[in-house]
Chemist: 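Got a structure for you, written out below as structure tokens; questions coming shortly.
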Amino acid sequence: MCLGVPGRIEELRDDDLGMRMGRVSFGGIVKDVCLAYLPEAKVGDYVLVHVGFGLSVIVVVEETATTETLATMG
């Protein structure tokens, strides 16, 4: 089973090879994430991330429920 973590896109850019990347905030921790599979994603969107790759854009209701669940797990 995989673990996908929701995060909010803070910034978008292309890396040196032209790969679409983003700075994504996970509850205050900001990481670089490959967003090549999500051309529709924009700053402010929430994305589901697994191993540094954005898998899907998610709605805020899903993100809130997932974040609350993860917070209760510690």
Side-chain angles (χ1 to χ4, degrees):
M1 179 161 76
C2 301
L3 175 64
V5 181
R8 184 176 184 275
I9 299 173
E10 301 290 326
E11 172 188 321
L12 292 170
R13 69 182 189 299
D14 290 336
D15 70 3
D16 295 337
L17 300 174
M19 184 77 63
R20 188 165 197 245
M21 301 292 291
R23 300 276 294 159
V24 178
S25 176
F26 302 94
I29 298 171
V30 180
K31 299 284 185 179
D32 285 325
V33 173
C34 177
L35 298 172
Y37 301 126
L38 302 174
E40 74 280 12
K42 57 191 178 305
V43 172
D45 283 348
Y46 285 86
V47 290
L48 191 63
V49 178
H50 175 67
V51 200
F53 289 88
L55 301 177
S56 65
V57 176
I58 58 177
V59 295
V60 176
V61 174
E62 289 178 30
E63 185 279 332
T64 302
T66 304
T67 300
E68 288 173 359
T69 301
L70 290 172
T72 61
M73 294 170 56

Chemist: Between Leu35 and Ile9, is any pair of side-chain heavy atoms under 4.5 Å apart?
Modeler: yes
Chemist: Establish whether Leu3 and Val47 are linked, either directly or via other cluster members, by ILVMFWY side-chain heavy-atom contacts under 4.5 Å.
Modeler: yes
Chemist: Shortest non-hydrogen contact from Pro39 to Ala36?
Modeler: CD-O, 4.1 Å
Chemist: Apply side-chain hydrogen bond (donor to acceptor under 3.5 Å, both in side chains) to Arg8 and list each qualifying residue two or more places apart in sequence or on a separate chain.
Modeler: Glu10
Chemist: Would you name the heavy atoms of Val43 and Leu12 that are closest together and state the gap between them?
Modeler: N-CD1, 3.9 Å
Chemist: Going through the distances and angles, do Met19 and Asp14 end up as a side chain to side chain contact (heavy atoms under 4.5 Å, CB included)?
Modeler: CA-CA 5 Å; Met19 184 77 63; Asp14 290 336; over 6 Å; no
Chemist: Can you name the nearest heavy-atom pair linking Pro6 to Leu48, along with the distance?
Modeler: N-CD1, 4.1 Å
Chemist: What I'd like to find out is whether the side chain of Cys34 reaches to under 4.5 Å of the side chain of Met21, using heavy atoms alone.
Modeler: yes
Chemist: Using side chain to side chain contact (heavy atoms under 4.5 Å, CB included) as the criterion, list what pairs up with Phe26, not counting sequence neighbours.
Modeler: Val5, Val24, Lys31, Val33, Val49
Chemist: Specify the closest pair of heavy atoms between Arg20 and Glu40, including all atoms of both residues, with the distance to one decimal.
Modeler: NH1-N, 4.4 Å
